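Take a look at the structure set out below.
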Amino acid sequence: MRLQPALDLLARVGALPAGSVVDLGCGSGVMASALKHRFHAHDLVGVDSSHAMLAKAEGKAFDQLQLADIENWQAKEPALIFSNAALQWVSNHSELMPRLAGMLAEGGTLAVQMPFQHGAPSHRGWSQAERSVFGAERTESRLNVLAPERYFDLLSPLGDINVWMVEYTQHLAASVMGHPVRMFTQSTFGKPYLDPLAYEDKARLIAAYEAAMAEAYPLRADGSVLFPFRRLFFTLR
């Protein structure tokens, strides 16, 4: 289910001109096979800023792997820049997105999918738990993702753009380690809240977050959760 948004984004990409296909923020390469199968005549390039992720991507369908920060990455006329759940970690989208679009070959496509979940209890719950435990928000909550209309206004002068949102209902399995929503968010959105803390403070914050999640997302009889999660998509050709 976690790959479904990426597959849905890929399904909205049309025919491509000559040039490479770039998986920007490729991580461990979970989309490599699908991208290579769809665009087998194109070189597939994986780009990520993590040595560890690129090591996991080795041996997958990529023709080339590049270690680079997205903020500084450059490419010469790729046919497709495809980014699945990566650009939300990069700042200054008002400059980033037009810059990426400007790299494309004539007739090329920029295809992006990002979480748009910041208003949901799963994400607001971390800052609320922080306030309840420590009496104030200690962690700067930096939101990089813009409103859908902002991406349309930024990119519509550059080509044909489609912007849409989908709310997926994910079935999160029961976990003996804690509430399924906490297990889903703690290594991504919750990471900046947890990483600076000593063990005792971390345990207190997790307990407060778990209590909020139990109320917002009640467990089913088997301990699992049905978890609504909203995603923002756009393609620019």
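Keep in mind that this is a model prediction, so the values were computed, not measured.
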Requested in this report: Check Leu24 against Ala86 and note the closest heavy-atom contact, atom names and distance.
Outcome: O-CB, 3.9 Å

Report task. Applying side-chain hydrogen bond (donor to acceptor under 3.5 Å, both in side chains), name anything that partners Ser224, two or more places apart in sequence or on another chain. Result -> His171, Asp222

Requested in this report: Say whether, by atom type as modelled, one donor and one acceptor occur between the side chain of Lys76 and the main chain of Ala105 under 3.5 angstrom.
Outcome: no

Report task. Quick one: list whatever passes side-chain hydrogen bond (donor to acceptor under 3.5 Å, both in side chains) with Ser83, sequence neighbours left out. Result -> none

Report task. Any chance you could lay out the side-chain contact (heavy atoms from CB on, under 4.5 Å) test for Thr235 and Leu110, step after step, and finish with the verdict? Result -> CA-CA 6 Å; Thr235 60; Leu110 172 63; over 6 Å; no

Query - Modelled atom types, side-chain donor and acceptor of Arg231 and Gln113, under 3.5 Å - result: yes

Report task. With sequence neighbours excluded, tell me which residues meet side-chain hydrogen bond (donor to acceptor under 3.5 Å, both in side chains) with Glu210. Result -> Arg182

Report task. Report the hydrophobic cluster partners of Met183, with the cluster defined as I, L, V, M, F, W, Y residues connected by side-chain heavy atoms closer than 4.5 angstrom, directly or transitively. Result -> Val176, Met177

Can you give me every donor-acceptor pair (side chain of residues 194-201, partner residue at least two apart or in another chain, under 3.5 Å) with its distance?
from: Asp195; atom 1: OD2; to: Lys191; atom 2: NZ; distance (Å): 3.0
from: Asp201; atom 1: OD1; to: Arg204; atom 2: NH1; distance (Å): 3.0

Report task. Please report the closest heavy-atom contact between Ala79 and Ala18, naming both atoms and the distance. Result -> CB-O, 3.9 Å

Query raised in the report: Does some side-chain heavy atom of Leu226 sit less than 4.5 Å from a side-chain heavy atom of Leu172?
Result: no

Query raised in the report: So, does Arg124 use its side chain to make a donor-acceptor pair with the main chain of Gly119 at under 3.5 Å?
Result: yes

Requested in this report: List for me each residue that meets side-chain hydrogen bond (donor to acceptor under 3.5 Å, both in side chains) alongside Glu77, sequence neighbours excluded, and say none if there are none.
Outcome: none

**Report entry** Listed partners of Arg99 passing salt bridge (charged side-chain N to carboxylate O under 4.0 Å, His left out), at least two apart
**Finding:** none

Report task. Please step through side-chain contact (heavy atoms from CB on, under 4.5 Å) for the pair Val13 and Leu80, ending with a clear verdict. Result -> CA-CA 9 Å; Val13 177; Leu80 171 65; 4.1 Å; yes

Query raised in the report: Which pairs pass ring pair (Phe, Tyr, Trp, His ring centres under 6.0 Å) with one or both residues in residues 96-119, sequence neighbours excluded?
Result: Phe116-His118

Query raised in the report: Please walk me through it: do Leu154 and Ser94 pass side-chain contact (heavy atoms from CB on, under 4.5 Å)?
Result: CA-CA 7 Å; Leu154 275 171; Ser94 61; 4.3 Å; yes

Query raised in the report: Does the side chain of Thr109 come within less than 4.5 Å of Leu236's, by heavy atoms?
Result: no

Query raised in the report: What residues, two or more places apart in sequence or in another chain, satisfy ring-ring contact (aromatic ring centres under 6.0 Å, His included) together with Phe227?
Result: Phe184, Tyr217, Phe229

**Report entry** Lys/Arg-Asp/Glu bridge criterion (N-O < 4.0 Å) met for Arg138, Glu130
**Finding:** no

**Report entry** Lys56, NZ atom: more than 12 neighbouring heavy atoms under 6.0 Å
**Finding:** no

Contacts table for residues 42-50: side-chain donor-acceptor under 3.5 angstrom, sequence neighbours left out:
from: His42; atom 1: ND1; to: Gly19; atom 2: O; distance (Å): 2.6
from: Asp48; atom 1: OD1; to: Ser50; atom 2: N; distance (Å): 3.0
from: Asp48; atom 1: OD2; to: Cys26; atom 2: N; distance (Å): 3.4
from: Asp48; atom 1: OD2; to: Gly27; atom 2: N; distance (Å): 2.8
from: Ser50; atom 1: OG; to: Ala52; atom 2: N; distance (Å): 3.2
from: Ser50; atom 1: OG; to: Met53; atom 2: N; distance (Å): 3.1

Query - Set of ring-ring contact (aromatic ring centres under 6.0 Å, His included) partners for Phe62, sequence neighbours left out - result: none

**Report entry** Within the 6.0 Å centroid threshold, strictly below: Tyr209 and Trp126
**Finding:** yes

Query raised in the report: Does the side-chain contact (heavy atoms from CB on, under 4.5 Å) test come out yes or no for Phe82 and Met31, once each step is laid out?
Result: CA-CA 10 Å; Phe82 182 93; Met31 280 299 292; 4.0 Å; yes

Query raised in the report: Tell me, which pairs form a side chain to side chain donor-acceptor pair (under 3.5 Å) where one or both residues lie in residues 149-167, sequence neighbours left out?
Result: His93-Tyr151

Query raised in the report: Can you check whether Asn144's main-chain N or O pairs, donor with acceptor, with Gln88's side chain at less than 3.5 Å?
Result: no

